[in-house]
Amino acid sequence: MIERFLKQTEFTSQEDFKQNLQYIVPDNFNFAYDVIDEWAKSHPDKLAILWSNDEGQSERITFSDLKKRSDQAASYFQQLGIGKGDSVMLILKRRVEFWIAVLGLHKIGAVAIPATHMLTTHDIIYRNTRADVKAIICVGEDYVQQQIADAMAESPTLKVVISIGPKVHEGFHDWQNEWQKAPEFVRPAEPVNSNDDTMLLYFTSGTSGKPKMVAHDYLYALGHLTTGVYWHNLKEDSIHITVADTGWAKAAWGKLYGQWLAGAAIFVFDHEKFTADKILRQIEKYRVTSFCAPPTVYRFMIHEDFNNYDLSSLKYCCTAGEALNPAVYDKFYERTGIRLMEGFGQTETTMTLCTMPWTKPKPGSMGLPNPQYDIDLVRPDGTSCEDGEKGEIVIRTGEGKPLGLFKGYYRDEELTANTWHDGMYHTGDMAWRDEDGYYWFEGRIDDVIKSSGYRIGPFEVESALMTHPSVVECAITGVPDDIRGMVVKATIILKDEWKAKAGDELIKELQEHVKRETAPYKYPRIIEFVDELPKTISGKIRRVEIRQKDSK
């Protein structure tokens with residue numbers, strides 16, 4: 001498959017990858033037709049999805065099944081008046097219907113808007129009105145359907161609501177009873193899309209403000225080839241699981257496009273409550289070969305006794321979504337012998353920095369640039385940083401928009417211009433680059449702390465704290481100070497067995513620990529112990545909320 005889209009498919013070094021990665025970009029590329037249907041034609045019985053849930057049920061779906069079901073979904077959508085350019089929100093958790101619906105929408109040129117099941121009525125109204133949502137397909141759960149129903153009166157563009165069951169509220173179409181009755185799908189004679197048409201809209205999780213609408217074109221799917229084939233190191237016999245809700249872009253990264261370009265099977269564990277034990281049992285039972293999850297998941301996993309599981313099938317592991325603490329890397333490697341291969345990107349991009357199979361990981365590093373992008377570190381004046389100098393990660397676009405980069409913020413030209421100007425897309429993320437070209441995360445620009453003339457990145461202090469045995473999770477922020485401008489504050493969740501020790505003595509111990517682990521000037525002068533940290537509905541820490549509370 002990938003030889004249709006790359007001039008060279010095998011790489012032996014980062015230099016080889018950098019010099020010879022070159023895409024063959026078809027006209028009117030459509031992932032559903034050009035990848036899924038092609039696999040169905042050449043390998044109809046090849047496993048595409050291996051699905052299981054926490055009730056013990058499972059299902060095996062081949063590429064032939066995917067083609068037939070997505071064709072049927074496309075016809076069903078057409079019957080309901082959904083067509084090219086229409087916006088359709090998908091609130092489907094980890095149900096199989098998510099993949100069927102996405103592919104069906106691609107086949108008719110409609111715009112898919114994946115969303116989380118945790119949205120409130122207010123959240124749904126905001127998305128409906130901002131994106132002119134015409135239809136919503138949702139799980140058949142009372143809470144979700146009720147939020148949608150309550151939003152309809154203030155959602156003038158919303159015309160169709162569909163429940164996949166088992167419960168179907170009044171006024172909702174019944175997917176299970178209706179979609180198979182749709183007439184046989186006929187693929188349009190003319191292409192339903194151009195390469196630069198909008199295929200996906202993602203609402204970002206909003207760590208510092210209202211969610212932004214990130215618009216991706218049809219080549220975004222092809223841009224994930226490097227994500228699945230090279231970063232995840234997937235082969236045609238791989239079984240890959242990425243821990244991610246389908247409402248977030250991480251699902252597109254890890255359980256949709258790049259994996260099927262590689263010909264791998266996507267393993268889906270449809271569970272309601274995460275536990276490390278459940279995930280490890282699934283890996284053991286279904287002989288999963290490849291795994292990707294945010295560092296938070298690995299933090300939970302390393303507290304399990306790995307002797308209780310047969311993980312012999314597991315060969316390759318990756319992590320992204322937040323910065324990886326070296327302590328977590330070391331403990332996971334010690335228990336499994338598998339090196340965690342870190343990656344970095346945003347909702348606005350595909351994978352931009354990562355550790356590829358042919359490179360040696362440096363624990364805690366974001367890795368090396370994906371040559372799909374022209375990546376640089378720049379100072380506030382736009383000039384390039386030297387090695388060892390902190391700067392903002394940017395993607396240079398002077399020669400055009402690279403494959404995988406977003407089109408812009410939908411219906412927000414001002415915001416787009418603020419982040420994408422002078423031939424550069426500004427990620428807003430700070431890092432420094434070492435002499436080997438590896439990037440090291442410092443934090444969001446807004447999160448960087450300026451204290452007594454020093455610039456301190458939250459992540460480096462958080463990494464130091466995470467090596468202390470008492471710490472489960474922490475967030476570093478700056479607190480205004482009359483003398484130093486700002487001082488470093490640590491907001492910490494302690495392990496249960498340490499909570500009784502919370503007090504001045506433990507605060508002093510943690511401060512001294514940070515001084516030993518990193519430069520002494522970075523230690524937190526203020527430490528607060530809490531039971532939970534403020535987070536977005538996607539699980540990202542809202543440091544801005546901590547700062548706002550401390551500034552009152």
Once the angle between the rings of W253 and W231 is folded into 0 to 90°, is it parallel (under 30°), tilted (30 to 60°) or perpendicular (over 60°)?
perpendicular
Q14: partners by side chain to side chain contact (heavy atoms under 4.5 Å, CB included), with sequence neighbours left out:
F17, M356, W358, T359, L368, P371
Residues passing the side chain to side chain contact (heavy atoms under 4.5 Å, CB included) test with R281, sequence neighbours excluded, are D277, E284, N308, Y309
Tell me which one of M1, E3, K7 satisfies side-chain contact (heavy atoms from CB on, under 4.5 Å) with F5.
M1
Which is it for E272 and K278 under the salt bridge (charged side-chain N to carboxylate O under 4.0 Å, His left out) test, yes or no, and what are the steps along the way?
CA-CA 11 Å; E272 293 302 319; K278 284 182 180 180; over 6 Å; no
Please tell me whether [X] and [Y] form a close aromatic pair, meaning their ring centres lie under 6.0 Å apart.
X    : Y    : value
Y410 : F203 : no
F63  : W39  : yes
F267 : Y286 : yes

Can you establish whether the number of heavy atoms outside R60 located under 6.0 Å from its atom CZ is more than 12?
no
Near K41 NZ, under 6.0 Å, is it more than 12 heavy atoms from other residues, nucleotides or ligands?
no
Partner set under ring-ring contact (aromatic ring centres under 6.0 Å, His included) for [X], not counting sequence neighbours:
X    : answer
Y33  : none
H271 : F269
F172 : none
W420 : F406

Contact list for residues 215-226, test salt bridge (Lys or Arg N to Asp or Glu O under 4.0 Å), sequence neighbours left out
D217-K401
Does any pair with a residue in residues 108-140 pass ring pair (Phe, Tyr, Trp, His ring centres under 6.0 Å), and if so which ones, sequence neighbours excluded?
none
Between [Y] and [X], is there a side-chain heavy-atom distance shorter than 4.5 Å?
X    : Y    : result
P402 : T397 : yes
F77  : L105 : yes
M213 : D412 : no
C292 : T319 : no
V35  : L261 : yes
L222 : L403 : yes
T349 : Y425 : yes
L314 : I338 : yes

Where do E141 and R95 land on the salt bridge (charged side-chain N to carboxylate O under 4.0 Å, His left out) test, with the steps shown first?
CA-CA 12 Å; E141 297 176 3; R95 307 294 190 264; 3.1 Å; yes
Distance-only check: which donor-acceptor pairs under 3.5 Å involve side-chain atoms of residues 160-168, not counting sequence neighbours?
| from | atom 1 | to | atom 2 | distance (Å) |
| --- | --- | --- | --- | --- |
| S163 | OG | G165 | N | 3.1 |
| S163 | OG | K167 | O | 2.7 |
| K167 | NZ | D142 | OD2 | 2.8 |

Sequence neighbours excluded, every pair satisfying side-chain hydrogen bond (donor to acceptor under 3.5 Å, both in side chains) that has a member inside residues 99-113
D37-K107, S70-K107, D71-K107, H106-Y257
Please test E304 against R335 for salt bridge (charged side-chain N to carboxylate O under 4.0 Å, His left out), starting from the C-alpha separation and ending with a verdict.
CA-CA 10 Å; E304 298 293 324; R335 287 161 172 72; over 6 Å; no
Holding to side chain to side chain donor-acceptor pair (under 3.5 Å), I want the full list of residues that pass it with T129, two or more places apart in sequence or in another chain.
none
To the nearest 0.5 Å, how far apart are CG in D237 and OG1 in T289?
7.0 Å
Rounded to the nearest 0.5 Å, what separates atom OG in S52 from atom CG in D270?
8.0 Å
Is a donor on one side and an acceptor on the other found under 3.5 Å between the side chain of N128 and the backbone of V133?
no
What I want to find out is whether K67 reaches E38 closely enough, with some N-O distance under 4.0 Å, to be called a salt bridge.
no
Criterion ring-ring contact (aromatic ring centres under 6.0 Å, His included) on Y230 and F11, from CA distance to verdict
CA-CA 9 Å; Y230 299 114; F11 303 96; 5.4 Å; yes
Which pair of non-hydrogen atoms, one from A101 and one from L92, has the smallest distance, and what is that distance?
CB-CD1, 4.3 Å
Using the salt bridge (charged side-chain N to carboxylate O under 4.0 Å, His left out) rule, take E97 and R69 through it: C-alpha gap first, then chi angles, then the decisive distance, then the call.
CA-CA 9 Å; E97 287 83 359; R69 295 190 196 186; over 6 Å; no
Please identify each residue that fulfils salt bridge (charged side-chain N to carboxylate O under 4.0 Å, His left out) with D132, with sequence neighbours left out.
R411
